[in-house]
Amino acid sequence: MSHSVLSGLMGLCVGDALGVPVEFTSRAERSQAPVTTMQGYGTWNQPPGTWSDDSSLTFCLAESLCNGFSLEDMADRFCRWYQESYWTARHETFDVGDTTAKALQQLQQGVSPLQSGGRSPQSNGNGGLMRILPMAFCYPQLEHFGLLERVHQVSGITHAHPRSQIACGFYVTVAIALIQGSIHGSDIATAVQSATKEIIWVYQQPPYEAELDHFERLWSGAEAIATLPIEAIHSSGYVIHTLEAALWCLLTSNSYAEAVLKAVNLGDDTDTTAAVTGGLAGIYYGFEQIPADWVEQIARKQDVMDLCDRLQSSLQVD
């Protein structure tokens, strides 16, 4: 489990940092000049190893979970990131999504974290998905409905539409399957299949069943995703696109580096696609398979590693 915490969170952060310099560039641009290693500047004019809101909010959530489950504490840390650049790479908050910003402004006005998140179909960006991974480390022993209920609440602090909640639930369940698979030797495709079977019954109930058509390619199984041509994979900030792209990158790659670089070179929302991919790829391949020179360049590397240790130490695992 300790290995999975460090592997997952550092895997996410490294993917994020790889994508930051080329965010919003097109797939055609990335095809002509593909990212092959850690670089800097570009879109946000940041040094190599700088991570974005994806990692910042993931670390805020991870730190909160070190003290137990409290939506109020999570919301407070998210607001500190927004207002005070808490848990940022270089004391600067940048690249804040609209839905996230609106939710945090609601929180600042005293709205409960159970009511703060966007609920319209237009609120289905990937800002909840990008930070949800720490839930996989803390609650793998909860029965599925209990786990998913908490995941939905954490997503809902900023992204409360059922579609975003399903995406977060699916992602966390795949992550747990990969954590458990690292012990039993199962592969990524098996983890995806297992996650689908374990949670589909929850999402066949109200209020989620009306959203299932949006997840048709995911429910169709790992092989269906893996055999899609790249032209069928989108890399926008839409939560379904991000989840599909991340799984496609994992299922069509053979190493951590290949998976996250494939995600970055899809273009568009490069940092989040690579972060979401990198979290799962890190868990699956292990920390030792994340290129050491990339890890060494990560801003606040020791702080990130210390946080992973703190989260691991706080876990109560049977």
Side-chain angles (χ1 to χ4, degrees), residues 11-55 89 94-100 121-122 124-127 129-130 163-164 167 171 188 214-218 220 222-282 285 290-291 293-294 297-298:
L12 182 151
C13 184
V14 169
D16 181 8
L18 286 165
V20 163
V22 293
E23 188 178 14
F24 307 132
T25 61
S26 69
R27 189 171 301 180
E29 290 175 276
R30 297 280 55 80
S31 178
Q32 293 172 2
V35 173
T36 58
T37 191
M38 190 70 70
Q39 58 191 46
Y41 306 102
T43 302
W44 296 104
N45 196 32
Q46 298 287 332
T50 303
W51 26 275
S52 74
D53 55 330
D54 305 64
S55 297
F94 64 93
D95 194 20
V96 183
D98 290 342
T99 300
T100 296
Q122 290 71 41
N124 282 309
N126 53 25
L129 178 66
M130 72 187 191
R163 198 177 310 164
S164 289
Y171 182 77
I188 294 169
H214 296 282
F215 293 85
E216 182 177 356
R217 297 207 296 198
L218 294 167
S220 297
E223 184 177 354
I225 299 168
T227 54
L228 289 170
I230 190 171
E231 294 78 16
I233 300 299
H234 305 288
S235 49
S236 75
Y238 176 42
V239 68
I240 301 289
H241 289 171
T242 303
L243 183 57
E244 288 184 346
L247 293 174
W248 181 81
C249 290
L250 284 163
L251 290 162
T252 59
S253 300
N254 294 301
S255 68
Y256 172 87
E258 183 183 3
V260 292
L261 290 175
K262 184 171 284 190
V264 170
N265 288 318
L266 289 173
D268 203 355
D269 198 5
T270 52
D271 56 338
T272 304
T273 306
V276 173
T277 303
L280 297 182
Y285 291 107
I290 304 173
D293 60 322
W294 294 357
Q297 294 180 74
I298 288 296

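The figures here come from the full heavy-atom set of this structure, side chains too, leaving out hydrogens, waters and symmetry mates.
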Verify, without hydrogens or angle tests, whether [X] (side chain) and [Y] (backbone) share a donor-acceptor contact under 3.5 angstrom.
| X | Y | answer |
| --- | --- | --- |
| Thr272 | Met130 | no |
| Thr270 | Glu23 | yes |
| Asn265 | Val35 | yes |

Can you find a pair of side-chain heavy atoms, one from [X] and one from [Y], that are under 4.5 Å apart?
| X | Y | result |
| --- | --- | --- |
| Asp53 | Thr100 | no |
| Asn124 | Ile240 | no |
| Val22 | Gln39 | yes |
| Tyr171 | Val276 | yes |
| Asp271 | Trp44 | no |
| Leu129 | Leu243 | yes |

Which heavy atom in [X] sits nearest to a heavy atom in [Y], and how many Å separate them?
| X | Y | result |
| --- | --- | --- |
| Thr242 | Gly237 | OG1-C, 4.3 Å |
| Gly11 | Tyr256 | O-OH, 2.7 Å |
| Arg163 | Phe215 | O-CZ, 3.3 Å |
| Ser255 | Glu258 | OG-N, 3.0 Å |
| Trp248 | Ile225 | CD1-O, 3.1 Å |
| Asp268 | Ser236 | OD2-CA, 3.3 Å |

Roughly how far, to the nearest 0.5 Å, is [atom2] of [Y] from [atom1] of [X]?
| X | Y | atom1 | atom2 | value |
| --- | --- | --- | --- | --- |
| Thr252 | Leu228 | OG1 | CG | 10.0 Å |
| Thr37 | Gln297 | OG1 | CD | 6.5 Å |
| Ile298 | Ser55 | CD1 | OG | 7.5 Å |
| Leu247 | Thr277 | CG | OG1 | 8.0 Å |
| Glu231 | Arg27 | CD | CZ | 8.0 Å |
| Tyr285 | Ile290 | OH | CD1 | 12.0 Å |

Query raised in the report: Hey, are Ser52 and Asp95 close enough side-chain-wise for a donor-acceptor pair under 3.5 Å?
Result: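 Side chains of Asp95 and Ser52: no pair found under 3.5 Å.
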
Query - Donor-acceptor side-chain pairing of Asp269 and Ser235 below 3.5 angstrom - result: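 Judged by distance alone, the side chains do not pair up.
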
Requested in this report: Step by step, work out the side-chain contact (heavy atoms from CB on, under 4.5 Å) result for Val20 and Phe94.
Outcome: CA-CA 11 Å; Val20 163; Phe94 64 93; 4.2 Å; yes

Query - side-chain contact (heavy atoms from CB on, under 4.5 Å) partner of Cys249, the single match among Val260, Leu266, Ile233 - result: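 Exactly one candidate clears the test, Leu266.
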
Requested in this report: Count the heavy atoms belonging to other residues, nucleotides or ligands that lie under 6.0 Å from CD of Glu29, then report whether that count exceeds 12.
Outcome: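 It does: Glu29 CD has more than 12 such atoms within range.
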
